[in-house]
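Scroll down for the structure; my scribbles are underneath it.
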Amino acid sequence: MITTLEQFLSAWMQDAFCKALPGVDADWSTVAVVATTSAEFGDYQCNHAMGLAKTLKKAPRQIAEAVISQVSPHDAVEKVTLAGPGFINITIKSVWLAGQVTGLGLDARMGVPQVGQGKTVILDYSSPNVAKPMHIGHIRSTVIGNALDRMHRFLGYRVLSDNHLGDWGTQFGIMIMGYRHFADPKILDTEPVEELERVYVKSYERSKQDEAWLQQARQELVKLQAGDPENRKLWQQFVELSLSEFDHIYKRLDVKFDLIRGESFYNDRLAGVVQSLTEKGIVRESDGATVAFLDDEKLPPCIVKKSDGGFNYATTDLATIQSRVEEFHPDKIIYVTDERQQNHFKQVFAVARKMGCTTKLEHVWFGLMRLPEGTFSTRQGNVIKLEKYLDEAESRALAVVKETSPGMPEEHQRNIARAAGIGGVKYADLSQNPQSLVTFTWEKALALDGNSAPYLQYAYARIASVQDKYRDQFPATKLEDFPILLGEPIERVLAIMILRFPETVMRAAESYKPSVLADYLYELSSAYSTFYQNVPFLKAPEGLRESRVNLCVVVARILRQGLNLLGIETPDRI
RNA sequence: GCGCCUGUAGCCUAAUGGACAAGGCAUCUGACUUCGGAUCAGAAGAUUACAGGUUCGACUCCUGUCAGGCGCGCCA
């Protein structure tokens, strides 16, 4: 079993606590180390002694001292010191560190353990509505969900990514009416989803003024849901048109789903779910509707069957859980949606648990995106289409490429612009806490300098270039024959950061925060840039030269793997 | 009215209850005729919305206030 440096040091400290405080009844597994905030305090610190002071009625420094006296010697540890009110600071031996970095560089997984072996996770993300173009609001669920998807896979989980399309709502009655009366076949050919949205909006407005129109739309919906062949065919067409357009965007974003099952997929189960809820006494009638009242009084009651006999969103989600559990036996189902659905999922999860569902259900929500002047709304016409957003990102990146690499063939320029532009868009969403409210500005979303995707890609490309130059200049030397030496302070900083990769990936996945990984990769690139700019390597004497190039190679591998986990490309030239 | 979330330099963002709050943008200084300047070295910029409380220690936890966002039984 591979353990991370942090896990290893924590276990090592637990042992010392146990020995230093015999007879104390405590759960030593909570003893942990964390990376220090500053190099002057060593590499890792343990703060546990201070927390114990009160219960043990001893001075924290005294406890820490006792612990330090009980640590068992280890090759990895240079020294353990007491500082401040009771911090235990640990400094790692550089020789050991160098060996670990070499080993990690040779490991295909870069030290990341497969903690998810044998476990199945279903990731429900993106989930756009059929017959509406994807807009800028869809990017967060797609990008965050996909990063969680990639990280879980890398950690050894069996992941099933599922795009739970909104393909079965009440909007289809209005949709069908709009299509029949307003659709322009020519536009439908070139811009199908745009056209579908246009006729939907037109039909929707008509329905608000024209009672007969609305009645007719309801009729069409009933016919559709009863399996009327003609309406069914129309619906099928809407779904196919939308899917092919979504596909185009998913290709640009390099997002793939294992399953694309819309709400319609679970249609046959809805009545059964309500029946089973009724039999179990979880629901009762209220104002003509069938409703589950939940134990948590702060949660509104959950309607599973409307007074008109129809089912709704909650019913579908319950049926979806049921179906997924039966078919895939997941250990966990993770939903990635915006913050507005928090209550909805709390309700659904509560009802599912009452039904006996033991699968872990997680709702990962993120803050809404808005404009400086207010929210996006179709009515105000300020919605930014996703396609346009990606185009803009690529064209801004292309302008930078043309300026920095004017001699490069056009095709290469475009490839780099795509990697930097799309990478920049993803990084903008992944590098910050997903739960914060985001105010959209082009300038912010498409920044290409400072803490941005191109900064990380640039660091990677420079290493690729160093490797090429090294091979040209020293074609006969075998890099593998040379050990990594850690002489300069910045080399040591890099080495420690490299060893933190495994624990960072695990923390990012466990907390559902890709930003943890993005932050780490930025810090690694930043440390690398300092190294690159201030320490010679190709010009260094033999031995030192190989050591430094080897260090570069390990950094490059981590950047490549780490950015891949975020869904960001790493071109060799940028 | 009730519930959930957010509030950190001019702007954008970090910080599993730990050491002097960390970066980026913008501003100002510098970087060898250089292993790639989408970079690096440095300067300046903070009463962490406000008031209490818990703690050896609070941006972080609790209470209250203010400001903003979102949600509150048949939309998804």
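Since the model is a prediction, treat every value here as computed from it, not as a measurement. In the text below, chain A, chain B and the rest are named by the order of the sequence lines, each starting its count at 1.
The pairing partner recorded for rG71(B) is rC2(B), the criterion being a Watson-Crick or G-U wobble arrangement whose two distances lie under 3.5 angstrom.
With P as the reference atom, rU16(B) and rC61(B) are 11 Å apart, rounded to whole Å. Distance noted for atom P between rG10(B) and rU48(B): 13 Å (whole Å). As rounded to the nearest Å, rC20(B) and rU65(B) have P atoms that lie 33 Å from one another. Comparing the C1' positions of rA15(B) and rG23(B) gives an interatomic distance of 11 Å, to the nearest angstrom. Distance check on atom C1': rU63(B) versus rA19(B) gives 29 Å, rounded to whole Å. Nucleotides rA43(B) and rG53(B) have their C1' atoms positioned 40 Å apart, rounded to a whole Å.
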Using the rule given for side-chain hydrogen bond (donor to acceptor under 3.5 Å, both in side chains), can you reason through Q14(A) versus W28(A), listing the C-alpha separation, both sets of side-chain angles and the distance that settles it, and then say yes or no? CA-CA 6 Å; Q14(A) 285 163 17; W28(A) 298 124; over 6 Å; no
Assess the residue pair F246(A) and H138(A) against the criterion (ring pair (Phe, Tyr, Trp, His ring centres under 6.0 Å)); give the C-alpha distance rounded to whole Å, side-chain angles, the decisive distance to 0.1 Å, and a yes or no. CA-CA 11 Å; F246(A) 294 162; H138(A) 291 109; 7.7 Å; no
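Under a 4.0 Å N-O distance rule, the pair K58(A)/E65(A) does not qualify as a salt bridge.
In terms of the ring pair (Phe, Tyr, Trp, His ring centres under 6.0 Å) criterion, residue partners of F345(A) (sequence neighbours excluded) are, by chain and number, Y335(A), F349(A), H363(A).
Taken residue by residue, residues 39-56 of chain A places heavy atoms nearer than 4.0 Å to RNA chain B at E40(A), F41(A), Q45(A), N47(A), M50(A), G51(A), K54(A). For the segment residues 342-350 of chain A, residues with any heavy atom less than 4.0 angstrom from an atom of RNA chain B are, sorted by number, Q342(A), N343(A).
In this structure, Y458(A) does not count as stacked on the base of rU39(B) under the 5.5 Å centre distance and 30° plane angle limits. Judged by ring centres under 5.5 Å apart and planes tilted less than 30 degrees, F87(A) stacks against the six-membered base ring of rA19(B).
In this entry the distance linking CD of E339(A) with C1' of rC70(B) reads 5 Å, nearest Å. Rounded to an integer number of Å, the gap from CG of D429(A) to P of rU13(B) is 12 Å. If you measure from atom CG of L517(A) to atom P of rA15(B), you get 14 Å, rounded to the nearest angstrom.
Separation of the F537(A) and F531(A) ring centroids falls under the 6.0 Å cut-off.
Y266(A) and H164(A) have tilted rings, their planes meeting at an angle from 30° to 60° on a 0 to 90° scale.
More than 12 heavy atoms of other residues, nucleotides or ligands lie within 6.0 Å of NZ in K444(A), so this atom counts as buried by the packing criterion.
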